[in-house]
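Have a look at the structure below, then the notes.
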Amino acid sequence: MDPEITQQNPALTDSPTQVLSPTQSIDKTDAVIKLNEVKKIYKTQSVSVEALRGINLSISTSEFIAIMGASGSGKSTLMHIMGCLDIPTFGSYILAGQDVSGLNEIELAAVRNRQIGFVFQAFNLLPGLTAAKNVELPLMYGGVSPKERHQRALESLEAVNMGNRAFHKPGELSGGQQQRIAIARALVTQPAIILADEPTGNLDSLSTNEILDIFIQLNNQGRTVVLITHENEVAAIAKRVVHLKDGLIISDELVSK
Amino acid sequence: MSWLETLKSGFEAIVTHRLRSSLTVLGILIGITSVILTVGLGEGAQSSVSSAISSLGTNLLIVTPGNVTGPGGVNAGLGTASTLTYADVAALENHYDVPDVKAVAPSVQKQLNMTSNTSNWSAPVIGTTTSYAQIRNRTMAQGSFITPQQVTKGNNVVVLGQTVATSLFPNSSPIGSNVTISGIPFKVIGVLASSGSIASSNEDNLAIVPITTAKSELLPHSSSNSVQSIFLEASSKSTLGTAYNEANNLLLNLHHITNPSQADFTITSQTNLLSTASTITQTLTFLLGGIAAISLLVGGIGVMNIMLVSVTERIREIGLRKALGATPGLIRQQFLFEALVLGLIGGVSGVVLGLLLSLIIPVLIPIPIVISSVAIIISVLVSATIGVVFGVYPASRAAKLSPIEALRSE
Ligand SMILES: Nc1ncnc2c1ncn2[C@@H]1O[C@H](COP(=O)(O)OP(=O)(O)OP(=O)(O)O)[C@@H](O)[C@H]1O
Ligand SMILES: [Mg+2]
């Protein structure tokens with residue numbers, strides 16, 4: 001049942017023949033994320049699925065980028081690779097100047113902890129813990145002292161307007177409020193990038209707007225945000241929209257506002 | 001993340017799933033309680049048996065006719081000509097030949113009917129001498145024991161055991177009253193104090209008369225020179241062995257036996273009895289402890305089962321923790337600590353329950369339970385170990401989960 005995930009560390013990384021195609025216009029030197037011919041092949045017993053078929057993508061600091069595409073186009077797979085939850089089968093991935101395509105599990109855990117803030121569709125808060133304790137989790141794995149942890153968690157909750165709910169458990173909060181706590185948790189480590197996979201997928205339109213406002217606000221403060229969605233209204237708040245189809249980028253455009 | 005924090009979060013997870021955790025804990029609890037109790041019962045039995053054997057008399061050696069040790073030897077019937085005689089008794093009383101034997105008491109014994117004015121009773125009647133009381137550790141509740149003069153003269157006097165005294169004289173003091181044994185009147189001169197041991201309650205169901213009287217009046221058909229058994233007291237615990245050898249050599253000489261394996265008598269010591277008894281109780285303890293250990297094993301499998309369920313159920317939590325930066329090692333640690341805490345709670349509550357029951361059970365059944373601190377410490381360690389051992393597999397399953405698989409699952 002577990003997919004046999006082919007792990008190969010390609011020596012392509014430093015190859016001078018790997019040149020970005022001219023269409024990949026955005027290729028700044030201060031790129032936080034740089035994907036080079038990234039392929040992801042899922043191998044099951046019988047078939048192998050090529051979820052990503054050669055992605056070249058560069059994301060700079062302070063960008064607000066939406067990734068769109070039909071179901072099964074590879075959005076989540078791409079996010080997993082960008083979030084260091086998985087490694088590319090081929091190609092290289094440079095995150096905040098560090099090549100992470102060949103890191104082992106322990107190193108990847110550290111990178112996730114320091115560089116990435118995740119926001120999931122299903123919120124993924126631990127039901128037994130208070131909002132504050134949930135937000136503290138990444139700091140705990142980062143080895144921050146309990147006192148500082150608590151302080152920073154409260155600040156982070158304050159930033160998403162949930163300071164007054166710090167000691168509530170997720171079950172006592174609405175979906176929108178829960179997602180705000182999840183965003184506070186993503187923010188608390190001051191990561192290089194915030195990755196959100198369909199963050200509004202489980203929310204009504206009112207809560208959706210609240211959450212999107214928070215993302216806009218975060219980006220205005222200079223944070224890099226990658227937002228995965230298949231809703232045009234959601235993608236509309238981003239400054240750059242990338243379209244995926246069958247594991248390939250079919251369009252990558254800046255949105256003028 | 002410190003160990004203390006991991007321990008705390010393990011504890012929190014257990015509290016979150018209260019019902020499930022308590023059922024798991026119950027398995028360990030029952031296991032530990034039964035181990036504690038069975039080992040306690042074993043040790044209690046051992047100590048009560050050895051105290052019962054000690055109460056037979058300190059530094060006691062018993063010479064019986066024949067070559068087989070056993071109750072039949074002591075109670076050798078009247079038809080059997082005993083190989084032990086007064087000559088043997090006299091020789092054993094000679095301090096030059098057997099310096100480590102302090103006291104000697106020959107005895108004959110027969111189950112006989114006794115009647116008082118009001119009731120009748122049947123009990124072993126022992127004919128012996130004055131030293132019997134000292135050798136067999138008997139003290140008087142009332143009156144006095146038979147005196148050397150009474151033995152010499154063959155007076156019709158009797159000393160009753162507690163059970164006999166209360167059966168024959170339920171309402172009055174027996175001292176000075178008459179008891180008829182096999183139709184012959186005897187005057188009660190004393191009542192023995194109860195031997196106080198459960199395991200040797202028959203020590204209270206007896207009557208003692210001078211050996212001379214017993215042989216002439218109660219056992220008229222027995223050979224006038226023979227005795228059924230001879231009780232010896234060694235001068236101290238440390239000389240028990242030499243006393244045994246001295247008595248053995250003396251009797252072999254007297255009986256003109258050159259090959260000790262053909263001896264026509266047997267000398268039994270308490271040490272023999274004690275070691276036999278402790279072998280039996282130890283075997284019993286091992287057996288019961290083994291059964292209890294199996295229940296602990298079942299408890300351990302319960303922990304494993306629950307931890308596996310817990311891993312499956314919390315697969316999203318595991319995925320999330322990994323996404324937030326938890327290393328496989330930390331995840332493994334978290335689940336191991338949870339199993340450890342489950343084991344410890346089970347162990348500690350098992351010990352507490354075991355201690356409570358060890359106070360209650362002896363009230364209900366007359367068996368002492370001895371619970372040592374070693375047993376308690378070992379139980380707690382064992383339960384913690386069980387938690388960890390049976391937690392290892394579920395914990396490494398959790399640690400090995402791929403974060404995306406874990407996050408994807410519904
Ligand atoms: N673990 C896996 N094993 C096998 N195939 C997989 C696995 N994960 C994803 N895939 C396949 O890879 C492709 C891309 O999946 P992915 O989840 O990235 O799509 P998506 O764009 O996020 O879709 P959706 O909008 O429905 O979330 C799909 O065809 C999917 O079946
Ligand atoms: Mg998806």
Side-chain angles (χ1 to χ4, degrees), chain A residues 1-5 7 40 42 51 76-77 79-81 83-87 104-130 133-146 149 169 182 185-186 188-189 191 195 197, chain B residues 1-22 308-335 337-338 341-342 395-410:
Chain A
M1 285 208 268
D2 274 4
E4 197 33 52
I5 295 167
Q7 297 194 353
K40 182 71 197 179
Y42 291 113
S76 294
T77 306
M79 185 189 106
H80 292 151
I81 286 178
C84 293
L85 290 169
D86 208 348
I87 52 171
N104 66 26
E105 257 197 280
I106 296 167
E107 294 163 332
L108 285 175
V111 171
R112 287 196 291 270
N113 184 253
R114 265 179 264 125
Q115 311 281 17
I116 317 281
F118 288 102
V119 181
F120 302 97
Q121 178 172 356
F123 321 140
N124 284 356
L125 297 172
L126 297 188
L129 304 183
T130 61
K133 288 276 176 204
N134 265 291
V135 176
E136 280 182 39
L137 278 178
L139 295 177
M140 184 174 85
Y141 292 124
V144 178
S145 77
R149 231 152 63 188
K169 294 207 172 158
R185 183 180 61 193
V188 75
T189 52
L195 292 176
D197 192 353
Chain B
M1 205 177 168
S2 72
W3 286 81
L4 199 71
E5 280 185 86
T6 320
L7 196 67
K8 216 179 114 197
S9 84
F11 201 80
E12 274 163 7
I14 286 166
V15 172
T16 312
H17 307 279
R18 265 173 232 98
L19 179 65
R20 197 169 69 191
S21 306
S22 13
L308 283 174
V309 169
S310 175
V311 168
T312 314
E313 198 184 82
R314 286 153 66 193
I315 192 160
R316 281 181 77 87
E317 173 189 333
I318 296 164
L320 172 79
R321 286 180 184 272
K322 287 194 158 187
L324 298 182
T327 56
L330 278 175
I331 298 287
R332 182 179 299 115
Q333 213 183 68
Q334 179 190 343
F335 280 88
F337 268 71
E338 243 178 89
V341 172
L342 279 178
S396 35
R397 276 248 305 233
K400 277 198 207 111
L401 278 173
S402 120
I404 21 177
E405 283 310 306
L407 278 173
R408 200 193 298 274
S409 83
E410 274 313 316

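Just so we're on the same page: letters track the sequence lines, and every chain starts at 1.
- By the side-chain contact (heavy atoms from CB on, under 4.5 Å) test, A/Asn124 is found to be paired with A/Phe120, A/Ala122, A/Arg185, B/Arg316, B/Leu320, B/Leu407, residues two or more places apart in sequence or in another chain being considered.
- For B/Ala323 against A/Phe118, the heavy-atom pair with the smallest separation is O-CE1, 3.5 Å.
- The closest side-chain heavy-atom distance from A/Met140 to B/Arg321 is below 4.5 Å.
- Of the atoms belonging to B/Glu12, it is side-chain heavy atoms, and not backbone ones, that fall under 4.5 Å from chain A.
- Between chain A and the residues B/Thr16, B/Val15, B/Thr327, the most heavy-atom pairs under 4.5 angstrom are made by B/Thr327.
- Between the CD1 atom of B/Ile404 and the CG atom of A/Leu85 there is a distance of 7.0 Å, given to the nearest 0.5 Å.
- Residue pairs satisfying the side chain to side chain donor-acceptor pair (under 3.5 Å) criterion with at least one member in residues 110-122 of chain A, sequence neighbours excluded, are listed as follows: A/Gln121-A/Asn202.
- Across every non-hydrogen atom of B/Ala326 and A/Ala109, the tightest pair is O-CB, 3.9 Å.
- Interface remark: A/Leu129 contributes side-chain atoms only to the contact with chain B (heavy atom separation under 4.5 Å).
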